[in-house]
Amino acid sequence: MSIETTPASTPDPEWDKLISGLTATPAEKPAGPVLQKTADVPVNRPDLLGDLPLTPEWARTPTGWRARAAVGKVNRVRAFRRWVRRQSTEHGHSAQVFRGMRRTFLWVQGTEGVQVATARREVQQAQADYKTAKWGHDLRLIPGPEKKRRRAAMEQAFAGSVTAMGKYRSAQRDARTRRAVRGTLAAAAVAVPEGAGIYLLGGTGGVIATGAALAAFAMIGRRTMGGEVYDDHDVKFGDTLKLTDSMLNKIYRDAKVIGADEAVELLTPCTLTADGKAWEVTLDLPSGTPLKKALTAKTGVASALGVKVQQLHQAQGDREGRLQLRVSLHLPFTGKPTPGPLLAMDRVNLWQPIPMGVNLRGQEVATSWVERSGLFGGEPGAGKSAAANDLLLAAALDPTVALYLCDGKAGADITPFEQIAAMYDTDGEPKNLLSVLRHIWEVEIPRRRALAKEHGSRKLTAAMAAKDPRVNLAVLLVDEWSSYGAAADRATREEMERLLRLIVQQGRALGIITLCATQKPDADSVPSGIRDILSIRWAMRCLTPPASDTILGQGYAAAGHNAQDILKSQRGVGIYMDGEGAEPELTRGYYYDDDEVDLLLERAFELRAKAGTLPAGQGSLADRLRALDDDHATVMAVLLDTFDAHADGDGEPAEWLPGTVLVDALAAAGLSVSADSLGRMVVRTDEEKGKRTWQSGRAVGYPRSRVLITVRDCHKLDI
């Protein structure tokens with residue numbers, strides 16, 4: 001039978017029709033020459049029977065080969081990354097080799113050791129039986145028949161002992177023989193290829209043979225003790241605490257973020273952070289997949305990873321569809337809080353950014369509060385007051401800042417600040433809050449507006465403050481607005497709300513920083529008209545997603561930023577958002593205990609005493625001291641009058657005076673106080689006891705701030 005063939009140069013319509021359904025040609029073929037596999041294959045016909053069956057022609061163009069090479073490169077890089085990650089686990093090659101060596105050694109050792117041990121035990125038992133029988137036989141005064149019976153038992157036990165010893169020695173010989181055979185085989189499997197390689201190829205052959213031996217050991221030890229073979233396609237992060245490239249597609253497919261036939265694109269490899277606490281990766285979702293879909297699937301993604309929701313952090317990248325994924329190895333923010341940096345600061349400049357806490361990456365979160373306002377919210381015990389304290393303590397350490405503090409719940413959170421606050425209310429009295437708001441609106445804001453106009457500007461700036469000491473910042477805190485509103489009548493409540501809204505709106509450009517704090521975030525706790533214009537938000541732990549949205553803004557909880565996810569064990573942790581449009585991030589505020597707060601406020605008092613910015617009380621301090629009708633208070637009053645009498649050209653009291661001047665002033669007032677007695681009354685530090693220049697010489701004296709501190713500590717007066 002002969003088969004007729006159609007010449008290669010002649011088109012065959014029937015053949016083309018037959019194979020038209022088996023091949024696919026793209027709408028547009030890439031430019032460039034077509035590479036033919038054989039000379040007799042026409043340009044317009046696929047190579048059905050050649051080396052590349054059913055492969056479109058365009059795939060064999062230079063463009064097609066480059067595409068294949070690019071795919072191969074990506075696959076090789078990913079395979080190499082998987083190999084590197086595997087090496088530190090029990091599935092790594094080094095672990096496999098050592099496991100294979102151990103298993104080979106155990107195979108060589110065999111199970112004969114059990115037989116030898118059994119035979120040894122039989123020998124020991126037989127010898128014990130013989131000793132017992134011999135002891136019974138050797139006893140005296142035994143009748144003749146009993147003596148013969150015991151002698152027979154002794155001889156029988158001896159024979160059993162000899163037999164057991166023979167079995168034991170036979171078992172030893174058998175074990176040594178079998179182990180020697182298996183050891184020879186194992187050694188030959190390594191030594192013969194090694195010797196042959198060295199004999200045939202020299203050192204190169206030896207290296208090849210060694211590699212082959214190690215590969216054989218790795219194959220023997222590939223399975224772990226639990227029987228698992230390495231396969232990272234189905235393993236979860238929670239099982240291995242290692243995030244791999246191959247996990248990511250499965251994670252987002254299981255969480256229903258992407259389809260079964262879709263894949264994410266990795267922009268960075270999965271890497272362990274420098275502090276070793278988390279894994280991070282940046283990826284692009286498939287084209288057309290909204291980022292919100294991944295953010296709202298936070299619970300599903302955490303389940304696919306095998307971790308708690310609190311260990312997962314997803315954030316938007318530098319464009320839509322780009323996701324930054326961070327998975328913590330352990331639950332973050334559950335250890336001891338980071339020591340507050342204010343403890344190491346002698347003074348703070350509130351015109352500069354203030355450290356507020358630490359984010360998930362361990363980076364310090366610093367906030368510029370100039371022309372800003374803030375809202376702190378969360379359930380009781382979540383750490384709201386501690387977070388607000390970060391700003392209040394920083395403001396206290398800036399002696400130029402005026403503090404206006406009002407606590408609607410009549411608690412003790414702001415009580416330590418009373419001695420340095422310009423105005424305060426710790427009774428939760430609406431009339432007191434109204435007085436503070438009216439003072440700021442009717443006195444402070446007009447004064448500041450006039451200062452700005454004097455400098456030819458619409459707002460106060462740090463540059464103005466550096467030149468003009470009259471330019472300063474002020475902090476207004478209103479804690480628990482709802483408590484004030486509940487205790488006030490309708491007219492008072494509406495007036496307080498009107499004034500607070502005006503202060504927030506117009507005061508920010510004039511250096512007034514407004515803070516509102518609440519334990520129940522809703523429209524009643526902070527009026528929505530005020531809440532919406534507070535730029536910085538800090539949502540501590542909340543009971544419901546709507547409560548979280550009340551602080552951060554509508555829709556943030558659904559987008560994955562839900563303060564309800566914060567655990568009770570994560571005290572002081574909140575979702576921090578630095579202004580509208582900023583990406584919220586989980587942050588832990590710095591914590592200062594009561595002793596540290598007292599220490600910082602002591603430092604703040606000294607700074608303000610030296611700067612002369614302590615708030616004035618009712619009447620002069622000297623007059624209030626005299627009203628106490630106490631000898632010590634009278635001495636302090638004369639000292640303060642003496643500092644005032646030596647005021648500078650601007651009318652500011654003298655900062656420091658010699659002790660002789662103060663003793664003379666006391667004598668002139670009819671008070672007999674020696675220099676030693678004065679030193680015991682006003683206790684100075686070693687530095688303050690040093691000499692200073694006075695007129696034409698140097699003298700030992702007293703700073704006015706130390707006298708004020710003595711007055712505060714001894715007589716408990718508001719300075």
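Screening Thr244, Ile251, Leu329 for a side chain to side chain contact (heavy atoms under 4.5 Å, CB included) involving Phe237 leaves a single residue, Leu329. With respect to Asp565, the side chain to side chain contact (heavy atoms under 4.5 Å, CB included) criterion is satisfied by exactly one of Leu312, Val309, Thr299: Val309.
Asn359 places no side-chain N or O within 3.5 Å of a backbone atom of Thr587 that could act as its donor or acceptor partner. In this structure, the side chain of Gln127 does not engage the main chain of Gln124 through any donor-acceptor pair within 3.5 Å. Proximity of a side-chain donor or acceptor of Arg103 to a complementary backbone N or O of Ile220 within less than 3.5 Å is detected. Formation of a donor-acceptor pair under 3.5 Å by the Arg253 side chain with backbone atoms of Glu262 is found in this model. Looking only at distances, no side-chain donor or acceptor of Asp129 sits under 3.5 Å from a matching main-chain atom of Ala157. Without hydrogens or angle criteria, Ser548 side chain to Asn562 main chain gives no donor-acceptor distance under 3.5 Å. Asn249 places a side-chain N or O within donor-acceptor distance of the main-chain N or O of Val264, the cut-off being under 3.5 Å. A donor-acceptor contact shorter than 3.5 Å is absent between the side chain of Lys293 and the backbone of Ile258. In this structure a side-chain-to-backbone donor-acceptor pair under 3.5 Å is present from Gln564 to Leu543. Proximity of a side-chain donor or acceptor of Thr163 to a complementary backbone N or O of Ala159 within less than 3.5 Å is detected.
In this pair, Trp538 and Tyr576 present their aromatic rings perpendicular. The plane angle is above 60°, beyond the 30 to 60° band.
With contacts defined as side-chain heavy-atom distances shorter than 4.5 Å, the pair Met540/Phe376 does not qualify. Between Met154 and Arg150 the shortest side-chain heavy-atom distance does not fall below 4.5 Å. The shortest distance between side-chain heavy atoms of Ile566 and Leu586 falls below 4.5 Å. Using a 4.5 Å heavy-atom threshold, the side chains of Thr210 and Glu194 count as touching. Residues Arg76 and Lys73 form a side-chain contact, since some pair of their non-hydrogen atoms from C-beta on lies under 4.5 Å apart. At least one side-chain heavy atom of Gln109 sits under 4.5 Å from a side-chain heavy atom of Arg179. Taking 4.5 Å as the limit, every side-chain heavy atom of Leu305 sits out of range of all side-chain heavy atoms of Gln311. Side-chain contact between Leu567 and Val573 is absent, with no heavy atoms from C-beta onward closer than 4.5 Å.
Between Cys542 and Ile551, the closest heavy-atom pair is SG-CD1, 4.0 Å. Nearest heavy-atom pair, Ala255 versus Gly300, reported as atom, atom and distance to 0.1 Å: CB-C, 3.7 Å. Scanning all heavy atoms of the two residues, the minimum distance from Gln314 to Tyr252 falls at OE1-OH, 3.0 Å. In terms of heavy atoms, Val358 sits closest to Val365 at C-CG2, 4.3 Å. Heavy-atom minimum distance, Leu342 versus Asp390: CD1-O, 3.9 Å. Of all the heavy atoms in Pro286 and Ala263, the pair that sits closest is CG-O, 3.4 Å.
Atom CZ of Arg178 sits in a sparse spot, with 12 or fewer heavy atoms from other residues, nucleotides or ligands closer than 6.0 Å. When the shell of 6.0 Å around CG of Asp594 is examined, it contains 12 or fewer heavy atoms from other residues, nucleotides or ligands.
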Next item on the list: Evaluate the side chain to side chain contact (heavy atoms under 4.5 Å, CB included) criterion for residues Gln570 and Thr334: first the C-alpha distance (whole Å), next the side-chain angles of each, then the deciding distance (0.1 Å), finally the verdict.
Entry: CA-CA 5 Å; Gln570 296 175 302; Thr334 52; 4.0 Å; yes
Next item on the list: Walk me through it: do Tyr590 and Glu364 pass the test side chain to side chain donor-acceptor pair (under 3.5 Å)?
Entry: CA-CA 10 Å; Tyr590 291 119; Glu364 184 176 82; 3.0 Å; yes
Next item on the list: With salt bridge (charged side-chain N to carboxylate O under 4.0 Å, His left out) as the test, would you mind laying out the steps for Arg326 and Glu585 before giving the verdict?
Entry: CA-CA 12 Å; Arg326 177 186 173 93; Glu585 61 178 340; over 6 Å; no
Next item on the list: Carefully, step by step, assess Gln324 and Glu280 under the rule side chain to side chain contact (heavy atoms under 4.5 Å, CB included).
Entry: CA-CA 7 Å; Gln324 293 177 344; Glu280 292 183 339; over 6 Å; no
Note to self: Please determine whether side chain to side chain contact (heavy atoms under 4.5 Å, CB included) holds for the pair Lys167 and Ser170, giving the CA-CA distance in whole Å, both sets of side-chain angles, and the decisive distance to 0.1 Å.
What the structure shows: CA-CA 5 Å; Lys167 290 182 179 180; Ser170 176; 5.5 Å; no
Next item on the list: For Val108 and Leu185, run side chain to side chain contact (heavy atoms under 4.5 Å, CB included): C-alpha distance rounded to whole Å, both residues' side-chain angles, the deciding distance at 0.1 Å, then the answer.
Entry: CA-CA 9 Å; Val108 171; Leu185 292 175; over 6 Å; no
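Atom-to-atom distance recorded for Lys277:NZ and Arg361:CZ is 13.5 Å, nearest 0.5 angstrom. With rounding to the nearest 0.5 angstrom, the CD atom of Glu265 is 8.0 Å from the CZ atom of Arg322. The CD atom of Glu146 sits 14.0 Å away from the CZ atom of Arg151 when rounded to the nearest 0.5 Å. Atom CG in Leu343 sits 4.5 Å away from atom CD in Glu596 (nearest 0.5 Å). Interatomic distance, CD of Glu122 versus CD of Gln125, reported as 9.5 Å (0.5 Å rounding). The NZ atom of Lys242 sits 12.0 Å away from the SG atom of Cys270 when rounded to the nearest 0.5 Å.
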